[in-house]
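Everything on this sheet refers to the single structure shown next.
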Amino acid sequence: MNNQLSNTINNLSESQTLAMSRLSRELIAEGKDVISLSIGEPDFDTPDFIKEAAKKAIDENFTHYTPVPGYPELRTAISNKFKRDNNLDYAIDQIVVSTGAKHSLANISISLLNPNNEVILPAPYWVSYHEIIKLAGAKPVSLPTTIEQDFKVSVAQIEAAITDKTRMIWFSTPCNPSGSVYTKDELHKIALLIKDYPNIIIVSDEIYEHINFMGKHESIAQFDFIKDQVITVNGVSKGFAMTGWRIGYIGAPKWIADACTKMQGQFTSGTSSISQKAAQAALEADPSVTYEMREAFEKRRELVLNLMKEIPGLKLNSPKGAFYVFPDISSYFGKTDGETTINNATELTMFLLNKGLVALVTGEAFGDPNCIRFSYATSEDILIESIKRIKNTLALLH
Ligand code: PMP
Ligand code: GLU
């Protein structure tokens, strides 16, 4: 038999976040004392009131196929959440619930992109954007930013990247991996620019909305003159510590919501009934239920930034949201421990894993070859130990 795979799958890269987390699990299974800070996942358990809603859903026999875009009650809760938290008006028929925000993004890509289209990705970008866009045959166009500009793209940069093939721009705020948060003023400027290009759609990924240390979260869809060109993506994975429940959603112009529903209807159908009931409880609750987790993340961020300042050769920004730091480690390129020479961020990541037993993710996966991503979604003790290991391992390089 000829085990010939499709060009699509052959051209698709494995998710580097999931690959590093798999690699660390394998090393741990071999008995190695690896600390994995590779996957971006809150270490908290899902709050009890959400778990209770799921148990009730099982007992009440919410165990059948669900409407493709999600239960109306859940979409009502999402519509109310958009109004309450973001001052956005999305009717129920503008909302589609999917199997995680990752799935929402895949629906968007397949529904809106054609092979010749370009999608602008301010870099660093979340690892899966690049591959999900490629899946539709479209071309991701990376727009590099620097630590000096707090990893935020300027309007002039976006303008210079727009061509007659540009169909979309995708970004996250708070950003995975840089932790940067766009201000209302910055979003307004981007909105004013994109308004002049009515064929360009903005994908605003706001899944870290509740992990924002700047105060109020700002959505680009709040500017009425651009709202018809925006898809707001969100989910419960991060803010409510519900990664395993697999619930993400979009608020979008109806024609886009309809297309995503059509796509989903042929591919996965409506997502898990029980998870939808759990998500409804999460989204109906007062957002203050997320504050305790956010405060813990903020405390850990301070700890991590203070400890990392003691490591020579790391350049750091001060992330305003999410739970990552993204240090520039390029000062180590060209250095060696006598055995291994470090030429790039991927090699440094592997050196830290093999010699320091700490799993991080190379910046190359996020479109930034000078950095590495460190997730601080873990306990303070583990953070202290892992930064000690990183410091000692980097000290081997001269
Ligand atoms: N967007 C960003 C920026 C993320 O970090 C993640 C994390 N996995 C996702 C989307 C997808 O989240 P999920 O599929 O768990 O809802
Ligand atoms: N979003 C998380 C991360 O960036 C989870 C892993 C994934 O879905 O890629 O690590």
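When a ligand or atom number is given, it counts from 1 through the structure's own listing order.
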Can you pull out the closest protein heavy atom to [atom]? Residue, atom name and distance to 0.1 Å, please.
atom: atom 1 (N) of ligand 2; result: K238 NZ, 3.1 Å
atom: atom 5 (C) of ligand 2; result: G40 O, 3.6 Å
atom: atom 9 (O) of ligand 2; result: T17 OG1, 2.6 Å
atom: atom 8 (O) of ligand 2; result: K102 NZ, 3.0 Å
atom: atom 12 (O) of ligand 1; result: I207 CD1, 3.4 Å

Original post:
Is ligand 1 under 4.0 Å from a heavy atom in the side chain of A101, in the backbone, in both, or in neither?
Top reply: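 A101 to ligand 1: contacts from backbone and side chain alike.
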**OP:** Quick one: look at R246 and ligand 1, take heavy-atom pairs under 4.0 Å, and tell me if it's side chain, backbone, both or neither.
**Re:**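 Side chain only.
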**OP:** Give yes or no for whether the N/O distance cutoff of 3.5 Å, strictly under, is met between S237 and ligand 1.
**Re:**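 Between S237 and ligand 1 (N or O atoms, distance only) the closest approach is under 3.5 Å.
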Subject >> Atoms in ligand 2 with a heavy atom of R373 nearer than 4.0 Å >> reply: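 Atoms satisfying the 4.0 Å criterion: 3 (C), 4 (O), 10 (O).
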Original post:
Which atoms of ligand 2 sit under 4.0 Å from any heavy atom of S15?
Top reply: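 Checking each atom against S15, I get 9 (O).
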Subject >> cation_pi(K299, Y376) dist<6.0 Å, angle<=45 >> reply: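 Because its charged atom misses either the 6.0 Å distance or the 45° angle limit, K299 does not stack over Y376.
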Original post:
Regarding K335 and the six-membered ring of Y332, is the cationic atom NZ or CZ under 6.0 Å from the ring centre and inside 45° of its axis?
Top reply: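 Yes, K335 lies over the aromatic ring of Y332.
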**OP:** Give the single entry among E41, K238, E206, K102 that approaches atom 7 (C) of ligand 1 most closely by any heavy atom.
**Re:**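 Residue with the shortest heavy-atom distance to the ligand atom: K238.
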Original post:
Going by heavy atoms, is D205 under 4.0 Å from ligand 1?
Top reply: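 So D205 counts as touching ligand 1.
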Original post:
With a 4.0 Å cut-off on heavy atoms, does G100 reach ligand 1?
Top reply: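 True for this residue.
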Determine whether more than 12 heavy atoms belonging to other residues, nucleotides or ligands lie under 6.0 Å from atom [atom1] of [X].
X: Y65; atom1: OH; value: no
X: K262; atom1: NZ; value: no
X: K51; atom1: NZ; value: yes
X: E148; atom1: CD; value: yes

Original post:
At their closest point, which heavy atom of N107 faces which heavy atom of S98, and how far apart are they?
Top reply: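 Heavy atoms only, the tightest pair is ND2-OG, 3.3 Å.
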**OP:** For this output row, return yes or no: ring centroids of Y249 and Y90 closer than 6.0 angstrom.
**Re:**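 Not close enough - the centres of the two rings lie 6.0 Å or further apart.
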**OP:** May I ask you to list the atoms of ligand 1 that are less than 4.0 angstrom from any heavy atom of Y208?
**Re:**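 Per the distance check, 3 (C), 4 (C), 5 (O).
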**OP:** Run the numbers for me: atoms of ligand 1, each under 4.0 Å from some heavy atom of N176, listed by number.
**Re:**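 Heavy-atom distances to N176 below 4.0 Å select 3 (C), 4 (C), 5 (O).
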**OP:** Start with the C-alpha gap between H210 and F240, add the side-chain angles, then the distance that decides, and say whether ring pair (Phe, Tyr, Trp, His ring centres under 6.0 Å) holds.
**Re:** CA-CA 9 Å; H210 291 301; F240 295 94; 5.6 Å; yes
Original post:
When the ring planes of F297 and F323 are compared, do they come out parallel, tilted or perpendicular, using 30° and 60° as the limits?
Top reply: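 The arrangement is tilted - the two ring planes meet at 30° to 60°.
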Quiz: residues 113-127 side-chain donor-acceptor pairs under 3.5 angstrom, not counting sequence neighbours:
{"unit_1": "N117", "atom_1": "OD1", "unit_2": "N114", "atom_2": "N", "d": "2.7"}
{"unit_1": "E118", "atom_1": "OE1", "unit_2": "T163", "atom_2": "OG1", "d": "2.9"}

Subject >> For ligand 2, the portion of V361 having any non-hydrogen atom under 4.0 Å away >> reply: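 Looking at V361 and ligand 2, no heavy atom falls under 4.0 Å.
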Original post:
For ligand 2, is any non-hydrogen atom under 4.0 Å from L18's backbone (N, CA, C, O), its side chain (CB onward), both, or neither?
Top reply: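 L18 to ligand 2: side-chain contact only, backbone stays beyond 4.0 Å.
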